[in-house]
A.B. asks: 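Submitted below is the structure of interest, expressed as structure tokens.
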Amino acid sequence: MHRYSDLMRFMGRKTDKTSKKDMKIRVFVYGREKYEEKELSDMDALKEYRDSEDVIWIDVQGGYSRADIERIGETFALHPSAVRNSLLSGQRPSYEELEDHIFIIVSQVYVKNDRIEREQIGIFLKKNVLITIQQRPGDVFEPLRKKIRENTGKIRTKGGDFLLFSLMREILDHYFRVLESLGIRIDNIEDRVLKSPGPDIMRSLHELRREILFLKHMVWPMREVIEGLYRDETGIISKDTKKYLRGARDIALQMIEIAETYRDMVSSMTDIYLSSLSYRTNEIMKILTIIATIFIPLTFITGLYGMNFSNMPELYWYWGYPTALLGMLAIALVMLFYFRRKGWM
Amino acid sequence: MHRYSDLMRFMGRKTDKTSKKDMKIRVFVYGREKYEEKELSDMDALKEYRDSEDVIWIDVQGGYSRADIERIGETFALHPSAVRNSLLSGQRPSYEELEDHIFIIVSQVYVKNDRIEREQIGIFLKKNVLITIQQRPGDVFEPLRKKIRENTGKIRTKGGDFLLFSLMREILDHYFRVLESLGIRIDNIEDRVLKSPGPDIMRSLHELRREILFLKHMVWPMREVIEGLYRDETGIISKDTKKYLRGARDIALQMIEIAETYRDMVSSMTDIYLSSLSYRTNEIMKILTIIATIFIPLTFITGLYGMNFSNMPELYWYWGYPTALLGMLAIALVMLFYFRRKGWM
Amino acid sequence: MHRYSDLMRFMGRKTDKTSKKDMKIRVFVYGREKYEEKELSDMDALKEYRDSEDVIWIDVQGGYSRADIERIGETFALHPSAVRNSLLSGQRPSYEELEDHIFIIVSQVYVKNDRIEREQIGIFLKKNVLITIQQRPGDVFEPLRKKIRENTGKIRTKGGDFLLFSLMREILDHYFRVLESLGIRIDNIEDRVLKSPGPDIMRSLHELRREILFLKHMVWPMREVIEGLYRDETGIISKDTKKYLRGARDIALQMIEIAETYRDMVSSMTDIYLSSLSYRTNEIMKILTIIATIFIPLTFITGLYGMNFSNMPELYWYWGYPTALLGMLAIALVMLFYFRRKGWM
Amino acid sequence: MHRYSDLMRFMGRKTDKTSKKDMKIRVFVYGREKYEEKELSDMDALKEYRDSEDVIWIDVQGGYSRADIERIGETFALHPSAVRNSLLSGQRPSYEELEDHIFIIVSQVYVKNDRIEREQIGIFLKKNVLITIQQRPGDVFEPLRKKIRENTGKIRTKGGDFLLFSLMREILDHYFRVLESLGIRIDNIEDRVLKSPGPDIMRSLHELRREILFLKHMVWPMREVIEGLYRDETGIISKDTKKYLRGARDIALQMIEIAETYRDMVSSMTDIYLSSLSYRTNEIMKILTIIATIFIPLTFITGLYGMNFSNMPELYWYWGYPTALLGMLAIALVMLFYFRRKGWM
Amino acid sequence: MHRYSDLMRFMGRKTDKTSKKDMKIRVFVYGREKYEEKELSDMDALKEYRDSEDVIWIDVQGGYSRADIERIGETFALHPSAVRNSLLSGQRPSYEELEDHIFIIVSQVYVKNDRIEREQIGIFLKKNVLITIQQRPGDVFEPLRKKIRENTGKIRTKGGDFLLFSLMREILDHYFRVLESLGIRIDNIEDRVLKSPGPDIMRSLHELRREILFLKHMVWPMREVIEGLYRDETGIISKDTKKYLRGARDIALQMIEIAETYRDMVSSMTDIYLSSLSYRTNEIMKILTIIATIFIPLTFITGLYGMNFSNMPELYWYWGYPTALLGMLAIALVMLFYFRRKGWM
């Protein structure tokens with residue numbers, strides 16, 4: 001076992017596991033007229049849903065054991081390699097057609113304590129049975145559950161494929177929220193960069209860039225998954241649902257474009273910060289040069305008449321001192337005029 | 001409901017809604033010999049246009065309610081998912097074939113108070129009936145309406161697909177105007193960068209880059225929409241109109257190329273500004289170094305003969321003072337000669 | 001009507017028109033044994049060429065009116081949308097197959113007064129009749145005309161498609177000359193950058209980059225046009241001519257590669273210039289630091305013994321002054337030794 | 001024979017050879033119930049495995065002669081050109097179908113003494129016979145051998161194609177470890193860059209970038225090899241194994257994305273370091289400018305009253321000295337106030 | 001006729017011609033048992049080879065006239081447009097199928113006097129007759145000729161297509177040598193950049209980048225030529241030879257990747273050099289600032305007590321001078337402590 005770097009964790013290779021006792025299996029059974037919601041603790045109870053006509057959503061969250069999931073796989077005759085994959089963490093979002101069912105892996109993201117959190121979800125769809133396997137308790141699907149419970153929208157009038165689309169929609173929606181929170185951070189940093197850039201700006205920009213990269217690398221395969229569902233040829237996804245998926249794909253595309261734009265903005269702000277540093281060095285140098293260039297020659301003159309040579313006739317002239325003062329003034333004025341003409345003052 | 005960042009708004013995710021009372025439905029009915037223009041307030045009045053042989057353009061602007069649009073959808077048997085999409089703001093431009101009609105979403109842009117404004121338009125085309133759904137009152141189609149009214153050009157001799165092309169043409173035309181206004185801004189900034197670059201240049205370049213990115217990300221999907229219309233296989237777009245669409249696609253391509261060139265120019269100007277900063281720092285340092293290098297040794301000499309040692313025979317030589325002066329002059333001349341040979345003066 | 005930016009003009013959106021009186025229609029009629037060249041002023045005279053067996057090249061230059069071109073279109077039964085396009089300026093180079101004829105738009109470039117000039121040409125090819133529509137008098141085809149007149153090369157033994165290829169070849173040739181002139185400018189700037197870079201270098205590099213971008217964006221669609229001709233399926237372009245077009249396409253590809261290389265060179269030179277600025281600032285700072293670091297401590301010592309305290313016994317020592325001088329010399333030497341060891345001198 | 005550069009060696013063009021005496025041929029023969037492991041020294045002994053029903057893994061490591069490998073090739077009727085290629089070092093990973101067998105070349109990587117080491121492996125698969133040809137002793141397959149010996153996992157229940165997949169899986173796993181070790185290095189450098197960047201940072205970043213490039217250029221063709229196996233049409237790779245290969249391909253894709261992200265992070269850190277240098281120069285200049293700007297005028301004043309003019313009435317005023325001191329204090333305070341208002345202190 | 005820029009020449013547009021008297025036609029005739037080598041001066045002598053069963057390699061080097069090559073073309077019934085192309089210099093590498101023969105243009109490269117030289121070769125392959133047309137005497141095929149003479153390797157047992165592959169292999173081999181020589185230069189420059197970067201580094205990096213670009217632009221079309229041969233559908237290239245070509249294509253791919261890596265290394269080194277300049281300026285500024293900041297206040301104090309006010313009681317205190325000295329020492333120590341704490345010393 002070896003240490004994992006932050007970046008690897010960031011890319012989703014290693015996510016913390018939760019302990020067994022946190023496991024929760026929730027089952028939703030619904031149809032046009034009907035709605036039922038149960039929390040199961042016994043895997044065998046799942047069997048009764050095998051031949052149901054209603055839409056069944058079995059949601060497994062956190063702390064499951066390998067055996068539990070394999071049991072579910074057997075109950076619904078899911079492909080072993082897909083079941084195995086759903087158990088591994090750090091998977092790249094992917095889409096797989098398996099004879100009479102579909103298996104997809106996606107990542108949900110949300111902002112928690114100002115950090116982007118990521119959680120993998122494995123989803124099986126077999127006719128009207130949809131199984132979601134989540135690694136941690138808590139997810140982004142609460143609004144959808146409310147819609148099912150309260151029968152708002154079209155969700156209760158449609159099949160399992162529409163439920164899958166609705167899950168995707170919720171996930172994408174949270175991507176958008178994360179994108180928005182990044183957008184707000186960019187706006188704030190932009191303000192700081194344009195007004196009062198400090199040395200910590202670069203750090204903020206670096207972190208921002210890191211998170212934009214992270215998000216972009218996560219949206220990209222999401223688009224592939226949606227594309228896969230859209231092009232599905234097994235007939236599991238109905239033509240009607242595909243119309244909706246089309247819109248979801250456009251959203252994913254738009255997110256990629258926004259992430260690209262964000263990245264460009266961050267790199268533009270880096271340029272601004274660097275140029276503002278150069279500009280300020282420039283300004284500082286100007287002040288130093290003006291002061292030094294005016295006073296160094298003057299100081300030289302005072303040094304001149306501070307010399308102790310016995311034979312310095314100027315020292316004994318009556319107007320010697322005022323003449324020297326006037327000479328110095330003249331030099332200072334010429335210098336000032338020169339700098340003004342150069343546009344430095 | 002959460003706050004939206006400027007960038008998100010920029011990408012068109014959230015546009016301000018206008019209130020119900022601003023809604024306007026304008027209907028144009030025209031043919032080779034015929035032309036009629038009405039402002040409707042009752043949705044039911046639309047029914048009479050259902051089986052017309054003429055070209056019908058129904059233009060809904062601002063402040064519509066969900067119910068209104070759904071009513072229109074029912075009247076003309078439009079696909080519900082498309083109708084739903086036309087109601088959402090912040091959509092990516094897209095093209096969809098729906099059995100006997102086409103639905104496209106595009107974005108029109110115009111410059112208003114020196115800012116690029118963007119507004120989404122949903123367009124349905126079913127045989128000769130074209131329905132445009134605009135989120136705000138005011139659009140870029142006034143010149144086209146004038147052409148219909150005054151029967152200039154070919155518009156009155158052609159069908160609904162040509163009307164769609166004409167709308168696209170007007171929209172693209174405004175993209176071009178926005179591109180041009182950006183071009184003029186680039187020309188102006190170029191002048192400033194090459195002549196008298198100040199610290200605010202970076203800000204202008206940053207804003208320019210932002211708007212170029214914005215425009216580019218909007219033209220790109222426009223090209224896809226036009227491509228979609230061009231490749232249409234439903235027969236709604238006639239072969240003749242496709243010839244015209246070809247030209248429109250070339251224009252979109254050219255705009256993308258121009259936007260790319262703009263972006264390159266902006267990044268080239270950033271380089272120029274940074275180099276001019278470096279160059280000026282360099283010049284300032286030269287002046288400081290010349291002054292300091294000449295006077296510091298001289299001041300040292302004056303300090304030398306300003307010392308109060310009792311035993312400094314030079315001080316009492318008759319030619320001591322003139323010799324010191326000449327020595328200092330010689331040092332200064334040697335220094336000046338050195339700097340001149342180095343090309344600093 | 002609104003103002004056009006330099007960049008837009010650069011991309012060919014707006015080209016100056018010439019007045020009617022400059023119009024010139026020149027007709028070349030040639031075959032293996034035959035050659036005729038006329039200047040026409042009457043459009044009706046074109047009709048006689050309609051069914052000729054010889055190759056006919058009708059060249060319209062500058063100052064034509066819309067009606068003139070439409071008349072030509074009718075005479076030879078050309079597609080109206082293509083005729084309309086040939087009238088518009090600022091078109092992107094494109095290739096179009098129109099039943100029994102081909103219409104292409106290309107841009108010819110040439111260097112005039114050290115600036116790259118661009119001029120659009122519309123070309124129709126219908127069997128052996130080739131019509132070129134040029135916006136301004138003067139073009140790059142003079143060498144080709146000479147070949148036809150003097151019957152050099154294969155031009156007189158081949159058909160209209162070979163004439164089209166020959167025109168493309170001449171145009172590409174001039175692109176190459178422009179590329180060469182840019183190459184010579186790059187060589188010159190390279191010399192200056194490596195030997196004596198001044199502040200105006202950035203401006204030259206900026207302009208160079210602009211023209212390279214311009215050229216690249218013009219060559220790219222040229223390649224598409226040639227590709228289109230090469231893949232022509234109407235049979236207008238013979239298999240034999242396609243062999244030649246293949247070479248033309250390779251040339252276009254090579255030009256794009258050269259333009260890419262040029263751009264890379266320009267950006268490399270920008271780096272060199274910026275680094276040379278940094279290096280020079282560095283050198284200047286070294287000189288300043290050496291002088292200041294040596295003399296500031298010495299001046300401090302002279303200041304020390306210039307103080308007027310009554311009780312400074314050193315001042316009255318016999319060897320006081322020489323000791324002070326030697327001490328200062330020692331300090332200076334130590335400093336010099338230090339700087340030499342640091343490699344600054 | 002000519003010298004090889006480090007970079008070439010890096011890209012795998014020249015790897016050190018090991019001497020004959022290090023050669024080792026190990027044979028694994030296994031099935032569901034059966035397992036045998038032998039070390040061979042005689043090539044002829046291989047013949048007995050030719051028609052075995054079990055899975056045979058013949059592993060040749062280091063120090064083989066050309067003749068040895070050709071002998072193996074003849075024994076199993078392998079294609080001569082593939083055998084020849086397996087002998088050459090510095091090959092690009094590739095996939096080849098050869099009638100009844102497959103030949104692939106891949107590179108294994110591992111970290112040894114903090115350096116990424118690379119070693120080429122040639123793999124033949126002919127039904128259940130798999131032959132690996134490694135250039136040096138030692139590899140990344142030990143965990144797999146242990147699985148075969150101890151019959152853990154599915155390896156003993158599957159055929160030769162699954163063994164091939166398992167080898168690929170082990171190799172990819174080591175790529176991931178290398179990626180992780182790079183990730184940890186990036187984390188460490190990030191710490192240093194953000195806290196206390198020294199001049200050696202650039203060197204570390206340069207080396208890091210070099211290794212990231214190296215890894216990326218090695219993962220890329222790995223993906224092609226896996227893709228090739230996945231699309232295999234000879235039937236050597238079973239449908240079941242392809243399911244697993246799909247996952248392997250996703251891993252390769254993810255690695256490429258991670259490498260891209262790493263590269264971006266390194267370039268972001270370069271920016272941070274450069275900006276921190278600029279910032280520090282800025283800070284140093286500020287201190288110098290503050291000190292110089294305050295004291296240079298003051299020193300001028302002291303110089304003024306150190307002049308030896310006979311006629312300087314101020315010198316004899318009773319309050320002359322205190323007034324001068326107060327004046328200087330006032331100037332210093334004004335300057336300090338000015339700098340404070342500029343935000344420099 | 002106009003001047004050619006260095007860059008154009010670099011891209012192979014204009015190569016120096018050699019005079020007629022240097023022309024050499026060498027003919028190799030070989031088979032499994034047979035080998036003959038002749039130097040021809042008479043073109044007519046070529047006819048006898050027309051119907052030979054052996055492999056014939058006709059190698060024309062330098063100083064040929066147009067007529068000579070056309071004569072060869074007629075003798076072997078080669079396509080006129082291909083013959084014409086083989087006469088032109090500055091062609092892009094290309095592959096062409098011409099009924100019963102193949103014509104390819106490639107570029108060979110070699111290092112001569114530390115410069116990369118390039119020479120175009122036109123190659124015709126018609127069954128077993130291979131004709132190479134080289135612009136200058138001297139080439140990279142000497143090792144191959146030796147193999148034919150001494151019957152080493154498989155060359156004598158195979159046909160004309162294998163000879164073509166062998167030529168390609170030799171050419172690619174020389175590309176690799178050039179890549180290696182660039183790699184060694186990069187290693188050397190890397191050493192200098194990391195140890196003692198001088199101002200001439202940028203020039204070396206610029207030249208290196210230029211040559212890498214040059215090489216990359218030459219390898220790219222080579223890959224296309226090999227790809228073309230590999231996909232040949234005329235049957236001129238045997239299936240067996242295609243196996244070998246596959247390896248050649250992998251080599252070309254690898255070279256492109258290496259060139260990309262080289263380019264990245266050069267740009268990374270540019271960054272290092274620029275950062276080292278910034279770092280050194282920083283160091284220089286530190287020294288200046290330390291010296292100036294310590295001594296400027298001290299010098300001010302000495303100036304203070306060098307003033308000639310009559311009423312300066314400190315001057316007459318017994319401990320005045322030592323107190324002043326101690327005060328100055330204290331100030332210096334405080335300053336030194338401050339700089340040490342800032343980490344500057």
Side-chain angles (χ1 to χ4, degrees), chain C residues 176-177 179-188 190 193-194 240 243-244 246-247 250-251 253-254 257-258 260-262 264-265 268-269 271-272 274-276 278-283 285-286 288-289 292-293 296-297 299-313 342-344, chain E residues 2-8 10-11 13 79 81-82 85 90-92 94 96 98 196 199 202-203 205-206 209-210 213-214 217 220-221 270 273-274 277-278 280-281 284-285 287-288 291-292 295-296 298-299 301-308 312 314-321 324-325 328:
Chain C
F176 240 119
R177 288 190 195 188
L179 261 186
E180 277 161 30
S181 78
L182 288 178
I184 290 170
R185 275 170 72 183
I186 290 178
D187 285 359
N188 292 342
E190 212 167 47
V193 160
L194 291 175
D240 183 59
K243 285 253 177 312
Y244 291 97
R246 215 195 139 95
D250 282 350
I251 290 174
L253 274 179
Q254 207 183 5
E257 285 166 8
I258 292 179
E260 274 304 326
T261 306
Y262 279 8
D264 237 316
M265 295 316 289
S268 170
M269 287 192 284
D271 282 359
I272 293 181
L274 286 174
S275 88
S276 82
S278 283
Y279 182 75
R280 282 189 297 170
T281 302
N282 201 286
E283 288 297 294
M285 291 304 308
K286 265 188 207 167
L288 178 58
T289 301
T293 311
I296 286 180
T299 303
F300 164 68
I301 291 173
T302 66
L304 208 64
Y305 293 110
M307 294 196 295
N308 297 324
F309 286 103
S310 58
N311 183 17
M312 291 176 71
K342 261 190 123 63
W344 288 14
Chain E
H2 40 91
R3 208 185 126 196
Y4 278 84
S5 83
D6 273 5
L7 267 170
M8 295 299 282
F10 211 37
M11 302 305 290
R13 279 304 282 184
H79 196 284
S81 87
N85 276 341
Q91 305 276 96
R92 192 171 182 268
S94 66
E96 214 168 339
L98 299 146
S196 59
M202 279 309 287
R203 188 186 195 126
L205 288 170
H206 180 66
R209 197 192 285 198
R210 192 171 166 153
L213 282 173
F214 168 53
H217 282 305
W220 197 257
T270 308
Y273 176 61
L274 286 175
L277 274 184
S278 284
R280 282 188 297 169
T281 302
I284 292 169
M285 291 304 307
I287 292 174
L288 178 58
I291 293 286
F295 282 103
I296 287 181
L298 301 189
T299 303
I301 291 174
T302 65
L304 209 64
Y305 294 110
M307 292 195 297
N308 296 324
M312 292 176 70
E314 304 96 304
L315 293 178
Y316 305 103
W317 295 347
Y318 186 76
W319 294 107
Y321 179 50
L325 284 182
M328 288 189 266

A.B. asks: For Trp220(E), look at atom CH2 and say whether over 12 heavy atoms of other residues, nucleotides or ligands are found less than 6.0 Å away.
C.D. replies: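 No.
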A.B. asks: Mind running salt bridge (charged side-chain N to carboxylate O under 4.0 Å, His left out) on Glu180(C) and Arg177(C) for me, showing each step along the way?
C.D. replies: CA-CA 5 Å; Glu180(C) 277 161 30; Arg177(C) 288 190 195 188; 6.0 Å; no
A.B. asks: Give the member of Gly343(C), Ala292(C), Pro297(C), Gly306(C) that has the highest number of heavy-atom pairs under 4.5 Å with chain E.
C.D. replies: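 Winner by heavy-atom pair count: Pro297(C).
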A.B. asks: Please state whether the side chain, the backbone, both or neither of Arg246(C) comes within less than 4.5 Å of a heavy atom of chain E.
C.D. replies: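 Side chain only.
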A.B. asks: Between chain C and each of Leu304(E), Leu298(E), Ile291(E), Ile284(E), count heavy-atom pairs under 4.5 Å; write down the option with the most.
C.D. replies: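 The candidate making the most pairs under 4.5 Å is Ile284(E).
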A.B. asks: Let me know if Ala324(E) has heavy atoms under 4.5 Å from chain C in its side chain, its backbone, both or neither.
C.D. replies: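 The answer is the side chain of Ala324(E).
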A.B. asks: Are the side chain of Thr293(C) and the backbone of Leu288(E) linked by a donor-acceptor contact shorter than 3.5 Å?
C.D. replies: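 Not a single qualifying donor-acceptor pair exists.
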A.B. asks: Under 4.5 Å between any side-chain heavy atoms of Thr299(C) and Phe295(E), yes or no?
C.D. replies: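 A side-chain contact under 4.5 Å is absent here.
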A.B. asks: Can you say whether Leu205(E) sits under 4.5 Å from chain C via the side chain, the backbone, both, or neither, judging by heavy atoms?
C.D. replies: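 The answer is neither part of Leu205(E).
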A.B. asks: Is any side-chain heavy atom of Leu213(E) closer than 4.5 Å to a side-chain heavy atom of Met265(C)?
C.D. replies: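 Touching, per the 4.5 Å side-chain cut-off.
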A.B. asks: Heavy-atom cut-off 4.5 Å, strictly under: side chain, backbone, both or neither for Leu98(E) against chain C?
C.D. replies: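 When you check distances to chain C, only side chain atoms of Leu98(E) fall under 4.5 Å.
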A.B. asks: Would you check if Phe300(C) and Met328(E) make a side-chain contact, meaning some heavy-atom pair closer than 4.5 Å?
C.D. replies: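 Yes, at least one pair of side-chain atoms sits under 4.5 Å.
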A.B. asks: Under a 4.5 Å heavy-atom cutoff, which of Asn311(C), Thr281(C), Asp240(C), Leu253(C) has the most pairs with chain E?
C.D. replies: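 Highest number of heavy-atom pairs under 4.5 Å: Asn311(C).
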A.B. asks: Is any side-chain heavy atom of Val193(C) less than 4.5 Å from a side-chain heavy atom of His206(E)?
C.D. replies: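 A side-chain contact is absent here, since even the closest heavy-atom pair is not under 4.5 Å.
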A.B. asks: Does any heavy atom of chain C fall under 4.5 Å from the side chain of Leu274(E), the backbone, both, or neither of them?
C.D. replies: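 For Leu274(E), side-chain heavy atoms alone lie under 4.5 Å from chain C.
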A.B. asks: Which bit of Arg280(E) is near chain C, if near means a heavy-atom gap under 4.5 Å: side chain, backbone, both or neither?
C.D. replies: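 When you check distances to chain C, atoms from both the backbone and side chain of Arg280(E) fall under 4.5 Å.
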A.B. asks: Name the region of Met312(E), side chain, backbone, both or neither, that has any atom closer than 4.5 Å to a heavy atom of chain C.
C.D. replies: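 Answer is neither: Met312(E) stays 4.5 Å or more from chain C.
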A.B. asks: With a 4.5 Å cut-off on heavy-atom pairs, point out which of Asp250(C), Ile301(C), Asp264(C), Ile296(C) contacts chain E the most.
C.D. replies: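 Counting heavy-atom pairs under 4.5 Å, the top option is Asp264(C).
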A.B. asks: Which one wins on heavy-atom pair count under 4.5 Å against chain E: Ser181(C), Gly247(C), Ser275(C)?
C.D. replies: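 Most heavy-atom pairs under 4.5 Å with chain E: Ser275(C).
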A.B. asks: Within the 4.5 Å heavy-atom criterion, are Met307(E) and Asn308(C) side-chain neighbours or not?
C.D. replies: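 A side-chain contact under 4.5 Å is absent here.
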A.B. asks: Between Ile186(C) and Met269(C), does the side-chain contact (heavy atoms from CB on, under 4.5 Å) criterion hold? Intermediate values first, please.
C.D. replies: CA-CA 9 Å; Ile186(C) 290 178; Met269(C) 287 192 284; 3.7 Å; yes
A.B. asks: Between Ile287(E), Leu315(E), Asn85(E), Leu325(E), which has the largest tally of heavy atom pairs under 4.5 Å with chain C?
C.D. replies: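 If we count pairs closer than 4.5 Å to chain C, Leu315(E) comes out on top.
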